[in-house]
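Remember, it's 1-based here, ligands and their atoms both numbered in the order they're listed.
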Amino acid sequence: MKKIALHWQILIGMFAGVVVGLLLSKSDIGSQIVIDYIKPFGKIFINLLKLIAIPLIIASLIKGISDLKDLSKLSSMGLKTIGLYLSTTVIAIVIGLTVVNIINPGSKISAENRESLMEDFSDNAATKIEAALNTSERGPLDALVNVVPSNIFEAASGNGNMLQVIFFVIFFAIGLILIPSEKAAPVKAFFDGLNDIILKMIDLIMLGAPYGVFALLAALVVESPGSDVFISLLWYALCVLIGLGLMIFVVYPTAVKLFTGKSYKFFFKGISPAQLLAFSTSSSAATLPVTMERTEEHLGVDKEVTSFVLPIGATINMDGTSLYQAVAAVFIAGALLPEPLTWGNQLTIVMTAGLASIGSAAVPGAGMVMLVIVLGAIGVPEAGLALIFAVDRPLDMCRTAVNVTGDAAVAMIVAKFEGKLNDPIPKEWDDHLEKVK
Ligand code: ASP
């Protein structure tokens with residue numbers, strides 16, 4: 001029998017969870033069964049995701065940065081690429097924050113339901129809120145000071161300090177690039193291998209996703225205090241989709257037109273197969289070969305540019321993911337915290353969502369794992385992830401399509417700046433030319 005694709009399995013798990021939850025919530029015994037025997041599996045699934053977060057940042061960031069090879073001679077192409085990647089990421093986050101602050105899906109949950117959600121989702125909610133309030137009372141540069149850990153083991157011992165871990169890892173990777181290559185080689189090889197192991201572990205965890213999602217949804221339905229939770233979830237999904245839609249249909253094609261003069265139609269015709277593949281695999285890494293092929297052969301970017309810009313982009317440039325993380329963080333905060341987020345919190349979201357998206361691996365579900373960092377940084381209970389689980393997979397598919405499109409758009413712009421944007425040569429002509437040669 002043909003194996004059902006994972007995204008379908010997850011959708012089936014979601015659906016089954018809702019149905020079972022609805023059926024069992026009709027009786028007290030049924031509800032108790034869900035809480036005692038089904039819910040724990042959802043908790044295990046979330047724990048597994050949180051468990052992998054710190055090793056994932058360490059391995060994928062070190063690999064991503066050390067692939068840059070030469071820091072001192074970072075070519076003009078490197079600087080342009082990183083500059084453009086950072087700019088598109090910040091634009092994406094700002095768009096996400098704007099949409100979610102206007103629509104404010106978290107506030108659609110009543111105060112009563114918020115309290116009971118908070119009790120369900122958080123063991124130590126009170127301390128977290130207190131921490132959040134304390135943060136807003138501190139000095140203006142304290143957030144910056146907090147990024148620099150005084151002890152890496154202490155920083156790595158809790159999921160709330162991931163920004164400090166990221167700081168250490170980036171610092172470490174820069175050191176790695178700067179030492180002689182024969183000394184760096186074994187360390188780099190070690191982290192390459194480690195990265196593969198972590199990605200495999202995420203693969204394995206994702207195999208359990210249909211069951212995890214089933215358990216989470218069944219528990220959510222049984223424990224859900226009211227239908228406004230579901231309605232607000234739909235509003236949340238809508239915020240993410242509006243933001244992603246703006247990126248893919250407005251920001252990228254406009255930037256491409258502005259900087260390279262290439263038309264909307266040309267851009268979409270060239271990149272759409274990669275977008276569709278990204279959508280169905282939810283993995284920029286899996287899509288990379290197709291992204292490269294389309295960008296070279298159909299968008300006319302020279303191989304010299306694609307082979308540098310696109311692999312780095314697949315690892316660090318995730319505009320869709322960063323936008324989603326910003327929206328999700330504000331939504332979960334709105335759903336669980338009684339106080340609205342401060343400007344300082346929103347600024348923290350811009351920084352942490354940017355870093356978290358850079359640290360996200362290009363595989364399904366990675367963006368949600370890294371959301372833990374953003375939540376931790378603004379003092380929202382990480383267990384609030386359970387709230388958005390139900391709709392995460394379809395959103396992952398859409399944000400991955402945005403991630404890939406962003407990489408291709410930046411590759412075109414860098415190629416234009418470097419004088420390496422050609423008119424694409426249709427494959428048949430290319431083959432013909434090869435033969436003639
Ligand atoms: N699935 C995304 C990607 O591969 C990452 C994520 O947001 O989960 O680009």
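The residue from Ala356, Ser284, Cys398, Ser322 that puts a heavy atom closest to atom 4 (O) of ligand 1 is Ser284.
When only interatomic distances are considered, the shortest N/O to N/O separation between Ala366 and ligand 1 falls below 3.5 Å. No N or O atom of Met368 sits closer than 3.5 Å to an N or O atom of ligand 1.
Those atoms of ligand 1 with a heavy atom of Gly365 less than 4.0 angstrom away are 8 (O). Near Asn403, the atoms of ligand 1 lying under 4.0 angstrom from a non-hydrogen atom of the residue are 2 (C), 3 (C), 9 (O). Listed by number with element, the atoms of ligand 1 under 4.0 angstrom from any heavy atom of Gly367 are 6 (C), 7 (O), 8 (O). Heavy-atom proximity to Ser283, at under 4.0 Å, picks out these atoms of ligand 1: 4 (O). In summary, the atoms of ligand 1 found under 4.0 Å from a heavy atom of Thr400, numbered by their order in the structure, are 1 (N), 2 (C), 3 (C), 4 (O), 9 (O). If you number the atoms of ligand 1 from 1 as listed, the ones under 4.0 Å from a heavy atom of Thr321 come out as 5 (C), 6 (C), 7 (O).
Within the 4.0 Å heavy-atom criterion, neither part of Val404 lies near ligand 1.
Around atom CZ of Phe268, more than 12 heavy atoms belonging to other residues, nucleotides or ligands sit under 6.0 Å away.
A donor and an acceptor atom, one from each side chain of Asn345 and Thr342, are located under 3.5 Å apart.
Using the six-membered ring where Trp is involved, Tyr236 and Phe331 have ring planes that are parallel, under 30° apart on the 30 and 60° scheme.
Side chain of Arg294 to main chain of Ala274: no donor-acceptor pair is present (N/O by atom type, distance under 3.5 Å, no hydrogens or angles). In terms of modelled atom types and a separation under 3.5 Å, the side chain of Asp396 and the main chain of Gly365 share a donor-acceptor contact.
In this structure, Lys262 satisfies the cation-pi test against Phe266, with its NZ or CZ atom closer than 6.0 Å to the six-membered ring centre and inside 45 degrees of the ring normal.
A side chain to side chain contact (heavy atoms under 4.5 Å, CB included) with Val404 holds for exactly one of Thr291, Leu277, Leu276; it is Thr291.
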